[in-house]
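The block underneath contains the structure these notes are about, expressed in structure tokens.
FYI, the numbering just counts along the sequence from 1.
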Amino acid sequence: MSERQCPNCGRIYEEGDWQEVNCPVCDLPLEEIGGESELISDTLSMQLPWPQGEREILIWEANGYLKAQLLKAALESEGIPVLLQGGTMAQVWGVTVGSAGAVGLSVPQSRVDEARQIIDATEHE
């Protein structure tokens, strides 16, 4: 199965995930990478360092992996690192119903208030 990766945000798209040429988050051309990716590659912000010694705080539970990725992108665009938790069923099988599809978004404790404001604004758009 062919995979493509965004050179900017690092997100990986499998053949059936995204058919367009450009990344839906960064609007840059995706590059062919081939091979299989690890699911963990998209769960933690790779370009944004996590503040050393700071614990993660769960701020939101998204209904499905795609929704979690969209919220993660909104937070990352404001410089807030994000850790996605759970949602394995949603990642592997596309399950988005009930707790099997829930994906938690955690941010550093010092960024909780800012992150909640961004999510509230995103949810009301």
Side-chain angles (χ1 to χ4, degrees):
M1 178 180 297
S2 176
E3 293 181 334
R4 298 175 301 155
Q5 183 173 22
C6 176
N8 184 49
C9 69
R11 284 179 174 74
I12 296 173
Y13 300 93
E14 291 183 7
E15 194 171 348
D17 289 345
W18 185 249
Q19 303 300 322
E20 303 298 321
V21 175
N22 290 349
C23 174
V25 177
C26 303
D27 199 33
L28 292 175
L30 296 171
E31 300 172 348
E32 294 286 331
I33 58 172
E36 296 292 324
S37 65
E38 295 181 29
L39 293 177
I40 193 71
S41 66
D42 233 10
T43 61
L44 178 65
S45 300
M46 302 305 284
Q47 302 298 321
L48 300 171
W50 196 274
Q52 186 172 1
E54 201 162 330
R55 64 183 211 148
E56 70 267 3
I57 303 294
L58 180 67
I59 60 163
W60 191 264
E61 270 200 357
N63 186 16
Y65 193 67
L66 179 58
K67 180 66 171 180
Q69 283 295 323
L70 292 172
L71 293 172
K72 180 176 178 276
L75 293 170
E76 288 176 334
S77 71
E78 297 296 327
I80 301 174
V82 178
L83 172 64
L84 297 183
Q85 299 169 313
T88 304
M89 299 287 280
Q91 283 178 287
V92 176
W93 294 316
V95 175
T96 59
V97 179
S99 62
V103 181
L105 283 86
S106 295
V107 299
Q109 188 172 10
S110 63
R111 308 294 297 269
V112 167
D113 293 335
E114 181 183 1
R116 285 185 177 144
Q117 289 175 352
I118 292 167
I119 286 178
D120 286 344
T122 303
E123 286 296 295
H124 291 95
E125 287 181 349

Set out, in order, the CA-CA distance, both residues' side-chain angles and the distance that settles side-chain contact (heavy atoms from CB on, under 4.5 Å) for Val103 and Lys67, then state yes or no. CA-CA 9 Å; Val103 181; Lys67 180 66 171 180; over 6 Å; no
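- Going from atom CD1 of Ile80 over to atom CG of Leu105 covers 11.0 Å, rounded to the nearest 0.5 Å.
- To the nearest 0.5 Å, the span separating OH on Tyr65 from NZ on Lys72 amounts to 7.0 Å.
- For Glu61 against Ala102, the heavy-atom pair with the smallest separation is OE1-CB, 3.8 Å.
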One pair to check against side-chain contact (heavy atoms from CB on, under 4.5 Å): Leu30 and Val21. What are the steps and the verdict? CA-CA 6 Å; Leu30 296 171; Val21 175; over 6 Å; no
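- Shortest non-hydrogen contact noted between Leu58 and Ser106 is CA-OG, 3.5 Å.
- Shown here for Ala74 and Ile118, the closest heavy-atom pair between the two residues is O-CG2, 4.2 Å.
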Evaluate the criterion side-chain contact (heavy atoms from CB on, under 4.5 Å) for residue pair Arg4 and Glu20; output intermediate values, then yes/no. CA-CA 11 Å; Arg4 298 175 301 155; Glu20 303 298 321; 5.9 Å; no
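- Using modelled atom types, no side-chain atom of Gln109 and backbone atom of Arg55 make a donor-acceptor pair closer than 3.5 Å.
- Side-chain N or O atoms of Glu56 include none that pairs as donor or acceptor with a backbone N or O of Leu83 at under 3.5 Å.
- Rounding to the nearest 0.5 angstrom, the gap separating the CG atom in Leu70 from the CD1 atom in Ile119 is 11.5 Å.
- Atom CG in Leu75 sits 5.5 Å away from atom CD1 in Ile59 (nearest 0.5 Å).
- With a 4.5 Å cut-off on side-chain heavy atoms, Pro51 and Pro81 count as touching.
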Which is it for Arg116 and Glu123 under the salt bridge (Lys or Arg N to Asp or Glu O under 4.0 Å) test, yes or no, and what are the steps along the way? CA-CA 10 Å; Arg116 285 185 177 144; Glu123 286 296 295; over 6 Å; no
